[in-house]
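Have a look at the structure below before the remarks.
Numbered from 1 within each chain, the chains take letters A, B, ... in sequence-line order. None of the values given here were measured: they were computed from a predicted structure.
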Amino acid sequence: MPELPEVETVRRGLAASVTGRTISAVTVAHPRAIRRHLAGATDFAARLAGRRIQRVCRRGKYLWLPVDGDDVLVAHLGMSGQLLVRFPEAADEGHLRVRFVFADAGTQLRFVDQRTFGSMAVEPAGADGLPPSIAHIAIDPLDPEFDDQAFYALLRRRRTGVKRALLDQTLVSGIGNIYADEALWRAQLHYAHPAETLTRQRAARLLGELRAVLTAALTSGGTSFDSVYVNVNGHSGYFDRSLEVYGRAGKPCRRCGTAILREAFTNRSSYRCPYCQPAGS
DNA sequence: CTATGAACCTGACAGC
DNA sequence: TGCTGTCAGGTTCATA
């Protein structure tokens, strides 16, 4: 599950259902799902068995679960990963990759991932409590520690288009293709606007719109066009109904009525209103 | 440093 | 009913 609102929805679900639980057994059904755990499946399972989950944390699109001892279980959902809380008798999902059984609960945690771009790993926590493997990931805009002024300065130092900058998880995290396009539409910015020439006012407007759209999506439980993006109970969010540009090629802009444009961008798609977000804007 | 493309996978869908 | 091509909320690496 991709972007910040969807991952945060999963984090909240996990926090409510697995915090304080002790893992009794871990089964890795597909080695690719733990490819970032270099020591392999046996070691992965052994390092979690008998450990109690203390919390469920998130930065950007990454989740991590500190367990007793000094280890953390790090997870990234990639494009199609799901973390599901299921009763043991529920049939295995077709793309079940890792199963966590608890000693003290009637449910299991299952990592299901069709495309296997997601992955999990266990590692020792860093000095700051963050998993070392995500030290390169910037803080996200909903984090209370986010420094707006520092963000403007870093943004204007980039010699690239503003959307590219937003998608760079080392500059600001949690934003993907949907919410980048939505925030740019709200801020009336063209995706190729050079980051270095953004005025402070426009950068502030953009950051404000980013926070607004991420927060609104979170309230709806995230964006979901199909059953791939679901919370821990397997239910979809409904923010797709509130999207202004993403996926709306040819449909009228909700602000001016002009047909929304879809253009190739970095091996994927970018959506914009040609009137509200013309080249150069 | 930035930019591009490809790679990693599976499945859904459109068009022929 | 196939088949082929295209596309998908991400990250990372190699090559210019």
Qualifying residues under ring pair (Phe, Tyr, Trp, His ring centres under 6.0 Å), relative to Y152(A), sequence neighbours excluded: none
Show me the protein contacts with nucleotides 13-16 of chain C, counting only N or O atoms at under 3.5 Å.
none

Atom-pair distance (CG on L167(A); P on dT2(B)), nearest Å: 14 Å
Test: R156(A) and E196(A) ion pair at under 4.0 Å: no
Which atom pairs link the protein and nucleotides 8-11 of chain B when you take only N or O atoms and keep those under 3.5 Å?
residue, atom, partner, partner atom, Å
dC8(B), O3', R32(A), NH1, 3.3
dC9(B), O2, R115(A), NE, 2.8
dC9(B), N3, R115(A), NH2, 3.3
dT10(B), O2, Q114(A), OE1, 2.8
dG11(B), OP1, H95(A), NE2, 3.3
dG11(B), O4', Q114(A), OE1, 3.3

Ring pair (Phe, Tyr, Trp, His ring centres under 6.0 Å) against Y179(A), all qualifying residues, sequence neighbours excluded: none
Given dT12(C), dA8(C), dA3(B), the nucleotide with the shortest approach to the side chain of T160(A): dA3(B)
Enclosure of R200(A) CZ (heavy-atom neighbours >12, cutoff 6.0 Å): yes
Pairing string, 5' to 3', for DNA chain C - Watson-Crick or wobble contacts under 3.5 Å, brackets [ ] where pairs cross, | to another strand: .|||||||.|||||||
Heavy-atom donor-acceptor pair, K61(A) side chain to I175(A) backbone, under 3.5 Å: yes
Residues within residues 138-154 of chain A bordering DNA chain C, heavy-atom distance below 4.0 Å: none
Distance, C1' atom - from dC3(C) to dC8(B), rounded to whole angstrom: 25 Å
Results of side-chain hydrogen bond (donor to acceptor under 3.5 Å, both in side chains) for D168(A) - residues two or more places apart only: R158(A), T170(A)
Worked verdict on R110(A) versus L83(A) for side-chain contact (heavy atoms from CB on, under 4.5 Å): CA-CA 6 Å; R110(A) 299 181 185 177; L83(A) 283 166; over 6 Å; no
Can you tabulate the close N/O pairs, meaning under 3.5 Å, that link protein atoms to atoms of nucleotides 4-6 of chain B?
residue, atom, partner, partner atom, Å
dT4(B), OP2, R164(A), NH2, 2.3
dA6(B), N7, N267(A), ND2, 3.4

Other residues, nucleotides, ligands: >12 heavy atoms within 6.0 Å of F146(A) CZ: yes
First encountered from the 5' end of DNA chain C, between R262(A) and I175(A): R262(A)
Which residues share a side-chain contact (heavy atoms from CB on, under 4.5 Å) with A249(A), sequence neighbours left out: R262(A), Y271(A)
Heavy atoms from other residues, nucleotides or ligands near CG of D143(A) exceed 12 (cutoff 6.0 Å): yes
Side-chain N or O of R268(A) closer than 4.0 Å to phosphate OP1/OP2 of dG10(C): yes
All side-chain hydrogen bond (donor to acceptor under 3.5 Å, both in side chains) counterparts of R32(A), not counting sequence neighbours: T116(A)
P2(A) side-chain proximity, nearest of dT11(C), dG10(C), dT2(B): dG10(C)
Any donor-acceptor pair under 3.5 Å from R268(A) side chain to A264(A) backbone: no
side-chain hydrogen bond (donor to acceptor under 3.5 Å, both in side chains) partners of D147(A), counting only residues at least two apart: none
Salt-bridge present (D92(A), R99(A); N to O < 4.0 Å): yes
Partners meeting side-chain hydrogen bond (donor to acceptor under 3.5 Å, both in side chains) with R58(A) (sequence neighbours left out): E8(A), D140(A)
